[in-house]
Amino acid sequence: MSCSASPAWAALAAHYQDDMAQFNLAQAFASNPQRLAQHSQQAPHVYADLSKNFCTTQTESLLQALAHDCGWQARRDAMLAGEPINTTEGRAAMHWLLRMPRDGGQLRQHPVVQAWPQAQWDTLAAAHDTLNAMLALAEQVRADRQITDIVNIGIGGSHLGPEVVVQGLEDWVDAGKRVHFVSNVDGHELGHVLRQVRPESTLFLIASKSFTTAETMLNAHSAREWFLRQGGCVQPSAAVSIAQHFVALTTNVAAAQAFGITRCLEFSDWVGGRFSLWSAIGLPIAIAIGQEQFRDLLAGAHAMDAHFFNAPIGHNLPLRLALLDIWYRNFCHLGSRCIAPYSHGLRRLAAYLQQLEMESNGKRVTHAGQCLTTPTAPIVWGEPGTNGQHAFFQLLHQGQDVVPVEFIVARGGGKYLGAHQHSLVINAIAQAQALMLGRHGVSAHQDCPGNRPSSFLLLQQFNPASVGALIALYEHRVFSAGAIWGINSFDQWGVELGKQLAQQLRQREEQGDWQGVDASTRDLMAQLGPAVA
Ligand SMILES: O=P(O)(O)OC[C@H]1O[C@](O)(CO)[C@@H](O)[C@@H]1O
């Protein structure tokens, strides 16, 4: 049964029409002194104030009934059991295992974990061996005074997670290494980084789960060529050799070795690319902040995992957020969500979430291959505050579209506190208030309609553990929404089409065969093809 055929779906549609289409946030606060308590929750490291959303306790109850009807709990347990829930690729999705202590940590009493076969415990032990090897390498690099620059070459999940965490935890970066990220196939990005580094003091990390991604492979080959042109050697015995200055982070060790890399950190195919920062893909993070802080990052994420796998439907924060996403998307017909981290460190959070949410849940068929008749992932976009206030917040306050805004704010932490931090958080609070209250009776141009929804995610403190918890919260929220929609959140077949067509265009170009190709594509190839490049 698809989610939209469930009785709870019909009840939610009726609830929207009958009770919520004219809902007013300010009035809801005025008439219900319990509103904040009813729609807020403390989870590990993260407090969520959801009270400025278009919902009542009845809305939340009906949404919880939807989760129940759609088998959310069984899907969550299947993930914890290590079942192949990524059905189109026949794989488990076990990123959470990478942050679980060897003895199961806070989940060891969970009935599903208690029922694990020995093989699952062996997988956990192997994950710890890999983690230890990764952290040992990180410490070795941190102690190596000759290495001043780390260049991570990878794209998508092999880039965005590590980048958001390294930037976010800038105040914990202590080994004096500069960490650069190169993702785009546009040579300007690689060129810009290579102009700043020297081969003898640079460690290249070639991060690619598949070790076949075209952009990463081209960037890796160009980096290798540059390295050799600058006097680097292929002989492993030489000090400035590829063996010393290139490390691969991948599931495809054979391909990395064929490329000429001997130092490989491997991870398993049950780690989805966009869920992989906890694996060997996290090496740039571990080099930047050190093993102790990396373990704190994992511990924060594990605390959120324990909450997610243990908490019941009504008190499960990742699920509550997912249900609000479904409510807005499917019943209130709001197509996008704005991410507003009031944190310079989290300036790339929206980019990270774009992949996490839209690559995971931007789908239109169920596990069984049935077409869904309802929309799925919202369009996720945003910028850090306060910058966003001076750009698109105008539209949020006075535009024709209602966009739920998600404020992410940390309670202190970081080096530059005082007046700056205070101003930052006051701005975030004021924006949420302005969205809700609006301004009335001044003039047509100055009035703001108000009654615009927002959520507040508050990190107790800004540190590795809370960043880990925040990211795990998002991961489980995305999984939960996908589970209720009945889609596979762990594949990304849509991305393949463009890759295939780029390959076909290359072949056509070589063969000069443009038969059957539309006039626009042909003309663009003529204008922008190799003669121009
Ligand atoms: O790590 P890889 O295999 O290079 O893949 C990079 C990214 O490409 C994708 O397959 C598609 O964009 C992502 O899912 C993945 O994170």
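Just so you know, these numbers use all the heavy atoms, side chains as well, and skip hydrogens, waters and symmetry mates. For clarity, every value in this text was computed on a predicted model and none was experimentally measured.
Residues Pro44 and Met304 approach most closely at O-CE, 3.4 Å, considering heavy atoms. Here the shortest heavy-atom pairing between Val403 and Cys338 reads CG1-N, 3.7 Å. Closest approach of Ala8 and Ala65 over heavy atoms only: CB-C, 3.8 Å. In this structure, Leu277 and Tyr352 approach most closely via the heavy-atom pair CD2-OH, 4.2 Å.
Using the six-membered ring where Trp is involved, Trp327 and Tyr16 have ring planes that are perpendicular, over 60° apart on the 30 and 60° scheme.
Between Trp381 and Ile339, the closest side-chain pair of non-hydrogen atoms is not below 4.5 Å. With a 4.5 Å cut-off on side-chain heavy atoms, His344 and Leu424 do not count as touching. Contact annotation: the side chain of Phe29 approaches that of Met436 to within less than 4.5 Å [non-hydrogen atoms, C-beta and beyond]. Looking at heavy atoms from C-beta onward, Cys70 lies out of side-chain contact with Trp9 at the 4.5 angstrom threshold. Residues Leu298 and Leu131 meet the side-chain proximity criterion, which asks for heavy atoms closer than 4.5 Å. Between Pro453 and Val402, the closest side-chain pair of non-hydrogen atoms falls below 4.5 Å. Considering only heavy atoms from C-beta on, Leu66 comes within 4.5 Å of Ser6 through its side chain. At least one side-chain heavy atom of Val182 sits less than 4.5 Å from a side-chain heavy atom of Val151.
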Please tabulate, for side-chain N and O atoms in residues 98-115, each donor-acceptor pair with protein atoms closer than 3.5 Å (sequence neighbours left out).
unit_1 : atom_1 : unit_2 : atom_2 : d
Arg99  : NE     : Asp305 : OD1    : 3.4
Arg99  : NE     : Asp305 : OD2    : 2.8
Arg99  : NH1    : Glu475 : OE1    : 2.8
Arg99  : NH2    : Asp305 : OD1    : 2.9
Arg99  : NH2    : Glu475 : OE1    : 2.8
Arg102 : NH2    : Asp129 : OD1    : 3.0
Asp103 : OD1    : Gly105 : N      : 2.8
Asp103 : OD2    : Arg108 : NH1    : 3.4
Arg108 : NH1    : Gly105 : O      : 2.8
His110 : ND1    : Val112 : N      : 3.0
His110 : NE2    : Phe309 : O      : 3.0
Gln114 : NE2    : Arg108 : O      : 2.8

In a table with atom names and distances, give each donor-acceptor pair under 3.5 Å that connects a side chain of residues 387-396 to protein atoms at least two apart or in another chain.
unit_1 : atom_1 : unit_2 : atom_2 : d
Gln389 : OE1    : Tyr342 : OH     : 2.6
Gln389 : NE2    : Asn427 : OD1    : 3.1
Gln394 : NE2    : Gln398 : OE1    : 2.9

Mind listing the side-chain donor-acceptor pairs of residues 310-325 below 3.5 Å, one per line with the distance, residues two or more places apart or on another chain?
unit_1 : atom_1 : unit_2 : atom_2 : d
Asn310 : ND2    : Ala306 : O      : 3.1
Asn316 : OD1    : Leu319 : N      : 3.4
Asn316 : ND2    : Phe308 : O      : 2.8
Asn316 : ND2    : Ala311 : O      : 3.0
Arg320 : NE     : Glu60  : OE1    : 3.1
Arg320 : NH1    : Gln41  : OE1    : 3.0
Arg320 : NH2    : Gln38  : O      : 3.0
Arg320 : NH2    : Glu60  : OE2    : 2.8
Asp325 : OD1    : Arg477 : NH2    : 2.9
Asp325 : OD2    : Arg477 : NE     : 2.7
Asp325 : OD2    : Arg477 : NH2    : 3.4

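Checking Ser276 against Ser279 by side-chain atom types alone, no donor-acceptor pair falls below 3.5 Å. Residues Trp172 and Asn463 have side chains that never bring a donor and an acceptor to within less than 3.5 angstrom of each other. Using modelled atom types, one finds no donor on one side chain facing an acceptor on the other under 3.5 Å when comparing Asn53 with Ser454. Residues Thr376 and Arg329 bring no donor and acceptor atom of their side chains to less than 3.5 Å of each other. Arg274 and Gln355 form no side-chain donor-acceptor contact under 3.5 Å, judged by distance and modelled atom types alone.
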>> Please determine whether side chain to side chain donor-acceptor pair (under 3.5 Å) holds for the pair His397 and Gln431, giving the CA-CA distance in whole Å, both sets of side-chain angles, and the decisive distance to 0.1 Å.
In response: CA-CA 9 Å; His397 289 295; Gln431 286 298 325; 2.7 Å; yes
> Could you walk me through whether Leu458 and Ile408 pass the side-chain contact (heavy atoms from CB on, under 4.5 Å) check?
Replying inline: CA-CA 6 Å; Leu458 187 59; Ile408 300 106; over 6 Å; no
>> Run the side-chain contact (heavy atoms from CB on, under 4.5 Å) test on Leu457 and Tyr47 for me, step by step, so that the C-alpha distance in whole Å, both residues' side-chain angles and the decisive distance to 0.1 Å come before the verdict.
In response: CA-CA 6 Å; Leu457 298 182; Tyr47 166 79; over 6 Å; no
> Stepwise, does the side-chain contact (heavy atoms from CB on, under 4.5 Å) test hold for Asp49 with Phe407?
Replying inline: CA-CA 10 Å; Asp49 175 354; Phe407 293 92; over 6 Å; no
>> Run the side-chain contact (heavy atoms from CB on, under 4.5 Å) test on Ile484 and Phe479 for me, step by step, so that the C-alpha distance in whole Å, both residues' side-chain angles and the decisive distance to 0.1 Å come before the verdict.
In response: CA-CA 9 Å; Ile484 293 164; Phe479 163 78; over 6 Å; no
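The salt bridge (charged side-chain N to carboxylate O under 4.0 Å, His left out) analysis of residues 286-297, with sequence neighbours excluded, yields no pairs. For residues 76-85, the set of pairs meeting the salt bridge (charged side-chain N to carboxylate O under 4.0 Å, His left out) definition, not counting sequence neighbours, is empty. Evaluation of the side chain to side chain donor-acceptor pair (under 3.5 Å) test over residues 64-75, restricted to residues two or more places apart or in two chains, returns Trp72-Ser480, Arg75-His367. Under the salt bridge (charged side-chain N to carboxylate O under 4.0 Å, His left out) criterion, no residue pair touches residues 454-463, with sequence neighbours excluded.
Every residue two or more places apart in sequence or in another chain that forms a side chain to side chain contact (heavy atoms under 4.5 Å, CB included) with Asn86 is listed here: Thr88, Glu89, Arg91, Asn488, Phe490, Asp491. Residues forming a side chain to side chain contact (heavy atoms under 4.5 Å, CB included) with Arg364 (at least two apart in sequence, or on another chain): Cys371. Glu139 meets the side chain to side chain contact (heavy atoms under 4.5 Å, CB included) test with Arg142, Gln291; sequence neighbours excluded. With sequence neighbours left out, the side-chain hydrogen bond (donor to acceptor under 3.5 Å, both in side chains) criterion links Glu383 to no other residue. Qualifying side chain to side chain contact (heavy atoms under 4.5 Å, CB included) partners for Gln433, counting only residues two or more places apart in sequence or in other chains: Leu437.
The CG atom of Leu470 sits 7.0 Å away from atom CG of Leu346, with the distance rounded to the nearest 0.5 Å. Taking CD1 from Ile287 and CE from Met134, the interatomic distance works out to 9.0 Å, rounded to the nearest 0.5 Å. Here the NE2 atom belonging to His15 is positioned 10.0 Å from the CZ atom belonging to Phe331, to the nearest 0.5 angstrom. Taking CZ of Phe23 as the reference point, atom SG of Cys55 lies at 6.5 Å (rounded to 0.5 Å). Distance OG/Ser360 to CD1/Ile487: 8.5 Å, rounded to 0.5 Å. Here the NE2-OG1 distance, from His39 to Thr57, works out to 5.5 Å after rounding to the nearest 0.5 Å.
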